[in-house]
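Here's the structure, in C-alpha cells; my notes come after.
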Amino acid sequence: MATENKPRVRFAPSPTGHLHVGNARTALFNWLFARQSGGTYILRIEDTDLERSEAQYETQLIADLKWLGLNWDEGPDAGGKFGPYRQSDRMELYHDYAKRLLREGKAYLCFCSAEELEAERKKALAAQLPPNYSGKCRAIDPAEAQKRRAAGERAAIRLHIPEHPIKFHDMVHGPVEFSNEVVSDPIIVRSSGMPVYNYVVVIDDAEMKITHVIRGDDHLSNTPKQVALYEALGWPVPEFAHLSTILGPDRERLSKRHGATSVANFRDMGVMPEALVNYMALLGWAPSGGTREEFTPQELVKEFSLERVTPSPAVFDMQKLYWLNRHYVAHRLTTAPQATIELALTFFTKAGYTPDHLDPKGLTWLQSVVTLLAPGVDKLEDLPARAAMIFKYDATAAKTSPDNAEVMGLEKTAAVIASFAKKVQSESGEITAERFKAIVNEVKAETGAKGKELFHPIRIVITGSHSGPEFDKLIPIIEQGAALGLPARVLSVKERTEAFNRG
RNA sequence: GGCGCUAUCGUCUAGGGGUUAGGACGUGAGAUUCUCAAUCUUAAAACACGGGUUCGAUUCCCGUUAGCGCUACCA
C-alpha cells in the first residue's frame, strides 16, 4: 500500500484544560505536515494523569480542533487500526513492555522511597552536581528484586540509561546530542503501577508507527530518555521537530493571565478560524522570500515546510491577529454572507439588540449593518458597540456629552439644529439617502453653515456623536431598521430628532 | 546549581562572508471624508555584547549576558 512509507504524525494533548494556542499551533504544524505529504494525522488523548484529566475537556478539545478545521484520520472518535487512541485504554500494553524490559535487563526495580530520593537530590544539588539518581538499585540482583516485590515491597521500574552519549536529529534544531551523564535512569512505571508519560509516549508513538514527532520544545530535554527507550526496545527512532514556545508580551510563557489564549476564547470573541490558523502559522514559520503574510489553510498546506520553522520563541501579537481577522471577516462577508451574518447575529443578540432569529428581511438589513461596520472592527464581538448609534439613542447624553461640547457651542449649531428639525418634522414616511441629502442642502442654504459646522450638529442629533459612518449609508440603515419593528426598537430619524428637541 | 534551547526594527520575520539589511503588524505623517474607522501613499525603527577566523563579519567559531525550558514516582 502506498501509504506505508508516508509520514504518520500525531497530536497528543492531555485533556486537562482548554486547547491553548501553543498546543493549537503544534496541532496545526502536524496537520500541515501530514496534509502536504499525503501522510496520516492522528489524534491521541494522553490521559495518564487521571487526576487532572476530564472527559469534558476531551469533548471540548475535539470541538476546538474541528472548529480550526484540523481534521484527523485516526483518533478516539474516528477509529483506526492502531487504536485505542486514549492512553487510559492502553494500560495493558504498557505493562507488557515494562515486563519485557525487566526481563531483558534493560530496566530494573527501584525500591528507593520518595524521601530517600529527595535527600539524594538535595545532596547533589548542594554539591553543585546534576541531581541525578544514584543508580543504587541498579546493583540489586533481578531475582532478588522480584522476590522483594513479591513479598510486598513497593517498587518502581527504572530504565537503564546506556553509557554512551545520546544523539538524535531534530528537523528544526538540527543534530542534538546529550551526554548520558546528565540523564539519570528515569522511572517508567510508578510504584503504584501507573506508567509515566515519558515511557508511554514512546510505546504509543512506536506502536502507532509515528514517523515524525512534532511537539513543543519543552519536551526537548526529555527526548534523550525517550530515545534510550526506543533503543532499549530495538525500535527505530523517529524524526523529531521541536517547536519553539509561544510567549506573552512580557516574554513569559503564554498563559491565561495574558488574557485570551485558548482557541475557545478566540471563537467566542468572533475571530475567524482561518485568521487564527493563518496567524499561528506565521508564528515561527515564514514562506521562502518572507514577504507574504496572508495564507488560507489550503495555501498553507501547499507552502508550509517544517525545515523553514524557526527555533526561536515568538511573542504572540494580538494586533496582528486582529489585522488578519479583519481581512478574513471581509473575505467571508463576500464569499459566505449568509453564514457570516448568522454568526454576527449571535453577537447582536448577546448585546440585547436583536432576537435570536431574524426573518430574511431582517437578515438583509443586518447584513448592511455588518458590511458598513465590519471593516473597522477587530473581531465580531466588537460589532454591537460600533452599532450602538443605530440601536441605542440617548438624547440627553447627546446634548450633555463632553465630547459634543465643542460642537454644541459652535456659533451656527443652534440654527442648524432648528432648521434641520423643522424640515425633518414635515417629512412623512421613510427618509431615503437622497431625501436626506436634499434636506441637508436646504439647511445649508438656510443657515449658511457648511462642512463641519453643518454636518456635526446634525450628526449629534441623529447619532448622539459627532463622528461615525457616512450618512449615505447610515440613514437608510436607520430608517429601514425603524421599519423593521425589532423588539429593541431602532428609532427613525424623525423620532430621534423629536427626542432631541424634547429632552 | 547542572544541562539544554534561543538571540535581526517595539512585535512576527526574510536574508546572508562584501546588501541602501527586505516584508508585515503596530506607531508617526500625508491623501481621502462632515467626522471616526477602513483604504492608499509615506516616514521613523533592528543584526545583544566581547573575543577570534577572514582582506572583509550582522552572517562562521568561542565566550559573556539575557530569556525560556528540562532537571518529578507531572504531562
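In what follows, chains carry the letters A, B, and so on, assigned in the order in which the sequence lines appear, proteins first and then strands, with residues in each chain numbered from 1.
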Numerically ordered, the residues 309-321 of chain A set in heavy-atom contact under 4.0 Å with RNA chain B is A:Thr310, A:Pro311, A:Ser312, A:Pro313, A:Ala314, A:Val315, A:Asp317, A:Gln319, A:Lys320
- Query: Is A:Glu153 atom CD crowded by more than 12 heavy atoms from other residues, nucleotides or ligands, each under 6.0 Å away?
  - Reply: yes
Exercise for review: Assign the ring pair A:Phe168 / A:His242 to parallel, tilted or perpendicular, where the plane angle (0 to 90°) is split at 30° and 60°.
Suggested key: perpendicular
Taken in chain and number order and not counting sequence neighbours, the residues that satisfy side-chain hydrogen bond (donor to acceptor under 3.5 Å, both in side chains) with A:Lys320 are A:Glu293
Heavy-atom nearest nucleotide on RNA chain B taken for A:Tyr133 and for A:His456; more 5' hit belongs to A:His456
Strictly under 3.5 Å: I want the nitrogen or oxygen pairs between protein and nucleotides 40-45 of chain B, one per line.
none

Pair of N/O donor and acceptor under 3.5 Å linking B:G23 base with A:Glu293 side chain: yes
Closest of B:C70, B:U35, B:A14 to the A:His466 side chain is B:U35
Testing B:C3, B:C34, B:C68 for proximity to the side chain of A:Phe471, the answer is B:C34
Are A:Phe455 and B:C34 stacked, counting the six-membered base ring, centres under 5.5 Å, planes under 30°? yes
By nearest-nucleotide position on RNA chain B, the 5'-leaning member of A:Trp285 and A:Cys112 is A:Trp285
Open item on the list: Do A:Val416 and A:Leu410 have side chains that approach each other closer than 4.5 Å (heavy atoms only, starting at C-beta)?
Closed with: no
message = Taking atom types as they are modelled, would you say the side chain of A:Ser191 forms a donor-acceptor pair with the base of B:C73 within the 3.5 Å cutoff?
response = yes
Touch check for A:Leu220, heavy atoms < 4.0 angstrom, all strands: base, sugar-phosphate only, or nothing?
-> sugar-phosphate
**Asked** For the base of B:C34, is there a side-chain donor-acceptor partner from A:Arg459 under 3.5 Å away?
**Response** yes
Exercise. Is it the case that more than 12 heavy atoms not belonging to A:Arg292 sit under 6.0 Å from its CZ atom?
Worked result: yes
Checklist line | pi-stack flag for A:His173 and B:G4, centroid dist under 5.5 Å, interplanar under 30° | finding: no
Under 3.5 Å donor-acceptor pair, A:Thr291 side-chain atoms to B:G22 base atoms:
no
What interatomic distance, in whole Å, is found between C1' of B:A21 and the corresponding atom of B:U13?
13 Å
Next item on the list: Please step through side-chain hydrogen bond (donor to acceptor under 3.5 Å, both in side chains) for the pair A:Gln226 and A:Asn198, ending with a clear verdict.
Entry: CA-CA 6 Å; A:Gln226 298 174 13; A:Asn198 276 308; 2.7 Å; yes
